[in-house]
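Counting begins at 1 with the first residue of the sequence. A quick note: this is a predicted structure, and the numbers were derived from the prediction, not measured.
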Amino acid sequence: MAAFVDRVVLHVQGGDGGNGCASIRREKFKPLAGPDGANGGHGGDVILEVDASTTTLLAYHHSPHQRAPKGGFGKGDMRAGADGEDLVLPVPEGTVVTTSDGEVLADLVGVGTRFVAARGGTGGLGNAALASRTRKAPGFALLGEPGEERSLVLELKTVADVALVGFPSAGKSSLIAAMSAARPKIADYPFTTLTPNLGVVEAGEFRYTVADVPGLIPGASEGKGLGLDFLRHIERCHVIAHVLDAAALESDRDPVTDLEIIAGELAAYADRLDAEASDRTPLMERPTVIVLNKTDLPDGQDMAEMVRERLAERDLPIVEVSAVSHKGLRELEFLLGRLVDEARAQEPEPEAAPIVLTPQARDAAPFTVVKDQYDGDVAYRVLGDKPQRWVRQTDFSNDEAVGYLADRLHRLGVEEKLYAAGAVAGSTVVIGPGDDAVVFDWEPTLMGGAEHLGRRGTDARLEDHSRPTREAKRAEQKARTEARLGRLAAMEDERRSGHWADPSVDDAATGETGDAPAHED
């Protein structure tokens with residue numbers, strides 16, 4: 001099982017915001033005393049923090065999915081939901097946070113340095129916050145927004161003062177074990193060291209850290225062998241120490257050739273490194289020391305004498321050491337200590353990390369309307385931060401909440417943009433990107449304000465509940481009276497003209513007609 005991991009893909013998600021509450025206050029003698037639904041709590045953030053006791057990213061190799069707690073939902077009697085606690089993830093010093101595309105988001109150096117990896121969602125408003133002069137008792141509340149979700153790449157670049165580089169089995173692990181209290185794995189076969197090892201060296205007044213970088217081979221800068229997996233660990237070092245095997249068993253190897261190959265790989269890697277980090281001293285310009293190891297062996301001592309003049313041409317300090325007999329170690333420790341102190345003195349004074357505000361980018365237009373294809377037909381897609389956020393906050397099981405959404409979209413100008421884009425009644429409108437968008441058939445006639453909404457669960461805009469004025473009522477009453485009097489007058493005229501007959505008299509037996517009888521003198 002791996003004990004050291006220096007690169008992981010971490011999937012983080014902020015906590016969801018809590019839903020707002022729709023509640024009406026009830027008191028004695030006041031059955032409907034107004035709305036008292038409180039807001040939901042905000043979701044917690046996911047935060048990366050540099051921790052001195054953390055040395056590996058192994059924890060996130062086993063648990064790559066991290067999610068912050070959700071916010072509490074609002075309650076009645078103006079009891080707001082609790083905010084979700086932030087999820088703080090400890091990371092080693094020297095962790096670089098990038099996106100999957102390689103964009104650097106943060107370089108975490110210094111104990112306590114923090115980076116907000118994913119922000120929590122905002123809590124939804126309760127109906128008390130939605131009440132207004134015209135909408136005194138809303139029967140709905142807004143939903144909480146989901147937390148931000150991101151996939152980040154964490155890379156650990158060891159923060160050390162001296163980097164020991166060299167071919168596999170050059171004796172780097174033995175050297176760091178002899179110079180410090182580190183106890184790396186040591187064996188007589190190549191690629192024994194599979195993870196970087198750190199050791200603290202104390203030499204008189206000097207105190208510095210040494211990193212044992214796993215063995216490099218030709219082509220390491222292109223990813224061969226352990227390659228780029230561990231070349232990143234030399235980026236922050238002040239001094240580079242080339243550990244050369246003076247008693248190599250291979251007949252085609254010698255210290256000079258090994259130095260040229262490793263230096264070439266570092267130069268190839270430095271071209272890209274220096275372009276990315278212009279604030280650091282170029283890699284090939286940093287202090288360098290040549291360490292001839294295993295000189296306690298007869299063959300090693302003979303080889304050191306043979307190549308000493310050729311190595312001296314590079315004008316670099318040369319130290320002959322032995323990790324077994326501790327030959328030359330004290331001299332090496334003091335030499336590295338002086339070089340590290342000189343490099344530290346040339347660095348600028350550390351400044352307090354500035355507070356960086358990263359507001360979300362806002363487009364010039366609050367939204368856009370584009371023609372798109374949906375389910376094999378032409379649709380009009382509405383894209384924008386506000387419309388998409390409003391849709392996420394809407395409870396579509398509540399008609400009043402849907403009406404409130406329609407009013408917000410109308411006031412934003414979505415109706416006019418749809419008209420301009422060519423939409424007509426019945427056109428398919430999609431709000432948001434992807435397949436999770438909200439789809440509906442557009443009805444442009446359903447426009448108005450939420451202040452015209454009726455009782456809970458209804459939408460007054462679907463019916464005509466206009467109240468007549470006093471003048472209209474009087475005119476309607478006068479018209480009804482005149483119509484009634486006209487009917488009565490017509491009936492009287494019919495009666496006088498003899499159109500009406502007495503049902504108790506048989507007109508056929510008496511021989512009388514329906515004419516009115518003559519007056520007698």
Side-chain angles (χ1 to χ4, degrees), residues 158-188 192-193 196-216 233-234 236-248 254-256 258-259 262-263 266 281 286-347:
T158 304
V159 179
D161 298 309
V162 180
L164 303 181
V165 298
F167 266 76
S169 297
K172 299 183 299 298
S173 298
S174 300
L175 193 61
I176 196 173
M179 296 173 63
S180 68
R183 291 296 175 264
K185 181 180 179 180
I186 301 174
D188 58 351
T192 305
T193 303
N197 297 299
L198 283 177
V200 179
V201 179
E202 294 185 3
E205 60 189 22
F206 303 117
R207 180 184 176 92
Y208 53 92
T209 57
V210 179
D212 168 21
V213 181
L216 305 178
H233 291 282
I234 69 172
R236 304 182 190 274
C237 296
H238 296 302
V239 180
I240 298 176
H242 287 273
V243 181
L244 305 179
D245 188 356
D254 63 84
V256 177
D258 291 354
L259 177 61
I262 298 302
L266 293 181
T281 304
R286 298 178 191 178
T288 304
V289 176
I290 298 177
V291 181
L292 287 171
N293 194 19
K294 303 181 182 180
T295 56
D296 59 316
L297 300 176
D299 293 343
Q301 184 61 41
D302 294 341
M303 179 62 71
E305 295 176 357
M306 292 174 56
V307 299
R308 186 180 295 112
E309 293 184 1
R310 296 174 58 188
L311 293 176
E313 297 175 358
R314 294 178 174 268
D315 197 19
L316 296 175
I318 303 174
V319 182
E320 299 180 6
V321 301
S322 169
V324 176
S325 64
H326 289 200
K327 170 188 174 182
L329 287 187
R330 202 62 177 167
E331 178 186 353
L332 176 62
E333 291 173 358
F334 278 93
L335 173 60
L336 295 178
R338 288 193 298 270
L339 294 177
V340 169
D341 268 13
E342 293 174 1
R344 289 174 179 172
Q346 295 177 1
E347 288 188 342

Quiz item: Distance from M179 atom CE to H326 atom NE2, nearest 0.5 Å?
Solution: 10.5 Å

Quiz item: What are the two closest non-hydrogen atoms of S322 and N293, and how far apart are they?
Solution: CA-OD1, 3.8 Å

Exercise. With the side chain counted from C-beta on, respond yes when V289 and L335 share a heavy-atom pair under 4.5 Å apart, and no when they do not.
Key: yes

Quiz prompt | Min side-chain heavy-atom separation I290-V319 under 4.5 Å | solution = no

Quiz item: Just how far is it from atom NE2 of H238 to atom CG of L336, taken to the nearest 0.5 Å?
Solution: 12.5 Å

Practice problem: Please name the pair of heavy atoms, one in T288 and one in P317, separated by the smallest distance, quoted to 0.1 Å. | Solution: O-CD, 3.3 Å

Practice problem: Decide side-chain contact (heavy atoms from CB on, under 4.5 Å) for V321 and L175; before the verdict, give the C-alpha distance in whole Å, the side-chain angles of both, and the deciding distance to 0.1 Å. | Solution: CA-CA 9 Å; V321 301; L175 193 61; 4.1 Å; yes

Exercise. State which residues pass side chain to side chain contact (heavy atoms under 4.5 Å, CB included) with D302; sequence neighbours excluded, sorted by chain then number.
Key: none

Quiz item: If you measure only the distance, is there a donor-acceptor pair under 3.5 Å linking the side chains of D296 and S325?
Solution: no

Quiz item: Quick check: does any side chain N or O of R310 sit under 3.5 Å from a backbone N or O of V256, one acting as donor and the other as acceptor?
Solution: no

Quiz prompt | Between CG on residue L292 and CG on residue L259, distance to nearest 0.5 Å | solution = 9.5 Å

Exercise. Let me see the working for V291 and L244 under side-chain contact (heavy atoms from CB on, under 4.5 Å), right down to the final yes or no.
Key: CA-CA 6 Å; V291 181; L244 305 179; over 6 Å; no

Quiz item: Does any N or O in the side chain of T209 come within less than 3.5 Å of the main-chain N or O of D161, such that one atom is a donor and the other an acceptor?
Solution: yes

Practice problem: Provide the closest heavy-atom pair for A163 versus C237 in the form atom of the first, atom of the second, distance. | Solution: CB-SG, 3.4 Å

Practice problem: Would you please test I176 and L164 for side-chain contact (heavy atoms from CB on, under 4.5 Å) and show each step? | Solution: CA-CA 9 Å; I176 196 173; L164 303 181; 4.3 Å; yes

Quiz item: What distance separates I318 CD1 from L332 CG, expressed to the nearest 0.5 Å?
Solution: 13.0 Å

Quiz item: Which residues pass the side-chain hydrogen bond (donor to acceptor under 3.5 Å, both in side chains) test with E342, sequence neighbours left out?
Solution: none

Quiz item: Rounded to the nearest 0.5 Å, what separation is found between the CD atom of E320 and the CE atom of M303?
Solution: 12.5 Å

Practice problem: Using side chain to side chain contact (heavy atoms under 4.5 Å, CB included) as the criterion, list what pairs up with E305, not counting sequence neighbours. | Solution: Q301, R308

Quiz item: What distance do F167 atom CZ and I262 atom CD1 have between them, rounded to the nearest 0.5 Å?
Solution: 4.5 Å

Quiz item: Under a 4.0 Å N-O cut-off, is there an ion pair linking D299 with K294?
Solution: no

Practice problem: For side-chain contact (heavy atoms from CB on, under 4.5 Å), just list the numbers for F206 and D341, CA-CA rounded to whole Å, side-chain angles, deciding distance to a tenth of an Å, and then say yes or no. | Solution: CA-CA 8 Å; F206 303 117; D341 268 13; 3.2 Å; yes

Exercise. Would you confirm whether Y208, through its side chain, and E333, through its main-chain N or O, come within 3.5 Å as a donor-acceptor pair?
Key: yes

Quiz item: Do R207 and V201 come within less than 4.5 Å of each other through their side chains, counting heavy atoms only?
Solution: no

